[in-house]
Amino acid sequence: MKNQKLVSGIRSTGELHLGNYYGAMKGIEKLVNTYDANFFIADLHTLTTHPSREHMSKNALEAAASYLAAGLNPEHCTFYTQSSLAAEVAELSLYLGMVMPLGELMRCPTFKEKAKKHPDNVNYGLVGYPVLMTADILLHKGEVVPVGEDQLVHLEMARQIARRFNNMYGEVFAYPQPLAENAVRIPALHGQGKMSKSDGVDTYISLQDEQSQIAQKVKKAYSDPTRIYLQQPGHPSVQGCNVYHLHTYFTDEQGQQQLREQCSTASVGCVACKQRLAEEIEQIVEPFRTRKQQLTEEQILDTLQQGAQSARLSAQKVLQEVRNAIGILMV
């Protein structure tokens, strides 16, 4: 029997890359079978940094298609867009915002980073992002949240908000815990930080990239900077070579061991190592790409509409409990 409530959302900011897949979608079938799962497209969250009108609906559909292509079975979980619960999310976010000090929100590392990247768009939504994220989770009384490493600080803030609310109004919410196995940071191809679309198309592998595009991108990936000649032994470690670091995510342990032996004895060169990496990545992307191409817009919309109905009923029950706890007069 599935007891624990799981809540997971992904921002709809266009095409998704391997970092998104490993952070939010890898092993999704197991999650659906293990937890009482709620998956949603965080389209409202995108307004903090991607307020483009012409891309809102398109990107939401794109993200939904990616979830379904990754193996999500909507018959065994609740799947919806955040905007379909806009009234419920906004109301709970309002209540939670009343117990969260502004100073703590402004000290949030991710807020500082975003504000630095987008100095002309430091809006109220950006600083209040953790409160809105907390509302998404607590609206379903979420207990488990699969998050990437960069979102762990937000989940800690969500627990703080839940704790403050409970201290003030009674034990209404659980304290959501991270699903640690999803806290990964896939390295960027250029060797600086994690995969991110903001660093350019050559720094990440899109889940829509064709085989030739994957091969071309990996060919230019940053490798062992100390290995200049083919006959020189390499340094196949996470710290010593970015290409090998990528292999630790996409190549099985036996393959990694073989590469370590071959690279450290100079019996394989960087070109061959990159070709192997491209092949491993293609094995992950190809089935995903094929399943996604088979989905129609009508199928996606129908799935989201059914999920929204179920999510709304659940959310309204929780909201009524919250109103009662606060003592709000509903007339």
Side-chain angles (χ1 to χ4, degrees), residues 10-11 13-27 49-50 59 62-63 66 69-70 110 113-114 116-117 147-151 182-230 232-253 255-260 262-264 266 268-290 292:
I10 189 168
R11 296 208 324 154
T13 56
E15 63 176 345
L16 304 181
H17 54 68
L18 281 175
N20 301 132
Y21 173 75
Y22 271 72
M25 298 179 180
K26 187 175 184 289
T49 54
H50 294 71
N59 287 350
E62 172 76 20
S66 294
T110 49
E113 180 185 341
K114 294 285 186 182
K116 195 172 182 179
K117 280 188 176 181
V147 290
E149 194 174 86
D150 57 338
Q151 290 289 322
N182 281 64
V184 297
R185 290 170 63 92
I186 304 298
L189 296 177
H190 65 349
Q192 299 174 26
K194 66 173 184 173
M195 282 194 183
S196 171
K197 287 180 291 184
S198 61
D199 292 330
V201 295
D202 288 333
T203 67
Y204 65 88
I205 301 294
S206 168
L207 292 174
Q208 296 181 173
D209 281 345
E210 296 292 338
Q211 184 175 9
S212 59
Q213 292 174 292
I214 293 172
Q216 189 63 26
K217 287 183 178 181
V218 174
K219 186 178 180 180
K220 295 186 286 187
Y222 185 72
S223 55
D224 184 347
T226 65
R227 190 178 185 189
I228 302 172
Y229 302 107
L230 181 62
Q232 286 181 303
H235 302 83
S237 67
V238 170
Q239 295 78 23
C241 178
N242 189 56
V243 171
Y244 179 79
H245 191 183
L246 286 160
H247 269 293
T248 63
Y249 289 96
F250 308 120
T251 304
D252 62 29
E253 183 54 45
Q256 291 177 43
Q257 182 178 350
Q258 183 185 50
L259 286 169
R260 285 195 298 269
Q262 292 175 332
C263 181
S264 58
V268 68
C270 293
V271 172
C273 189
K274 289 179 179 180
Q275 289 173 342
R276 172 75 180 273
L277 177 61
E279 291 168 2
E280 297 289 351
I281 291 175
E282 171 62 12
Q283 289 184 35
I284 296 169
V285 175
E286 191 278 329
F288 175 92
R289 193 171 57 223
T290 300
K292 189 175 178 184

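In terms of heavy-atom proximity, Val285 sits nearest to Leu207 at CG1-O, 3.6 Å. Nearest heavy-atom pair, Ala278 versus Ala215, reported as atom, atom and distance to 0.1 Å: CB-CA, 4.0 Å. Nearest heavy atoms, Phe250 versus Ile281: CD1-CG1, 3.8 Å. Looking at every heavy atom in both residues, Asp199 comes nearest to Thr203 through O-CG2, 3.3 Å. The shortest heavy-atom contact between Phe288 and Ser66 is CE1-O, 3.2 Å. The shortest non-hydrogen separation linking His190 to Gln192 is CE1-O, 3.0 Å.
Annotation: side chain of Asn20 is not in contact with side chain of Met25 (no heavy-atom distance under 4.5 Å). Two residues are said to be in side-chain contact when any heavy atoms from C-beta on lie closer than 4.5 Å; Leu277 and Tyr244 fail this criterion. In this structure, Cys241 and Pro236 have side chains that are not in contact, with every pair of non-hydrogen atoms separated by 4.5 Å or more.
Side chains of Gln208 and Lys292: a donor-acceptor N/O pair is present below 3.5 angstrom, by distance only. In this structure, a donor-acceptor pair under 3.5 Å is absent between the side chains of Gln262 and Arg276.
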Please evaluate residues Ile205 and His17 with respect to the criterion side chain to side chain contact (heavy atoms under 4.5 Å, CB included), reporting the C-alpha separation (whole Å), side-chain torsions for both, the decisive distance (0.1 Å), and the verdict. CA-CA 5 Å; Ile205 301 294; His17 54 68; 5.8 Å; no

For Leu18 and Met195, run side chain to side chain contact (heavy atoms under 4.5 Å, CB included): C-alpha distance rounded to whole Å, both residues' side-chain angles, the deciding distance at 0.1 Å, then the answer. CA-CA 8 Å; Leu18 281 175; Met195 282 194 183; 4.1 Å; yes

Apply side chain to side chain contact (heavy atoms under 4.5 Å, CB included) to the pair Leu259 and Cys273, showing each step before the final yes or no. CA-CA 8 Å; Leu259 286 169; Cys273 189; 4.2 Å; yes

For Leu246 and Leu189: C-alpha separation, side-chain torsions, deciding distance, then whether side chain to side chain contact (heavy atoms under 4.5 Å, CB included) applies. CA-CA 8 Å; Leu246 286 160; Leu189 296 177; 3.8 Å; yes

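By the ring pair (Phe, Tyr, Trp, His ring centres under 6.0 Å) test, His235 is found to be paired with no residue, residues two or more places apart in sequence or in another chain being considered.
Between the SG atom of Cys263 and the NE2 atom of His247 there is a distance of 9.5 Å, given to the nearest 0.5 Å. If you take NZ on Lys197 and CG on Leu16, they are separated by 6.0 Å, rounding to the nearest 0.5 Å. Atom-to-atom distance recorded for Thr248:OG1 and Glu253:CD is 9.5 Å, nearest 0.5 angstrom.
Judged purely by atom type and a 3.5 angstrom limit, Arg227 uses its side chain to pair as donor or acceptor with the backbone of Leu230. With Arg289 contributing its side chain and Asp209 its backbone, the two residues share a donor-acceptor pair below 3.5 Å. Here the side chain of Gln213 pairs a donor or acceptor atom with the backbone of Glu210 at under 3.5 angstrom. The backbone N or O of Thr251 sits less than 3.5 Å from a side-chain atom of Gln256, completing a donor-acceptor pair.
In this structure, Glu286 places its CD atom where more than 12 heavy-atom neighbours from other residues, nucleotides or ligands lie under 6.0 Å away.
Of the charged side-chain nitrogens involved, none lies within less than 4.0 Å of a carboxylate oxygen, so that Lys274 and Glu279 do not count as a salt-bridged pair.
Ring geometry for Tyr249 versus Tyr22: interplanar angle over 60°, hence perpendicular rather than tilted (30 to 60°).
Judged by the 6.0 Å and 45° rule, Lys217 forms a cation-pi pair with Tyr204.
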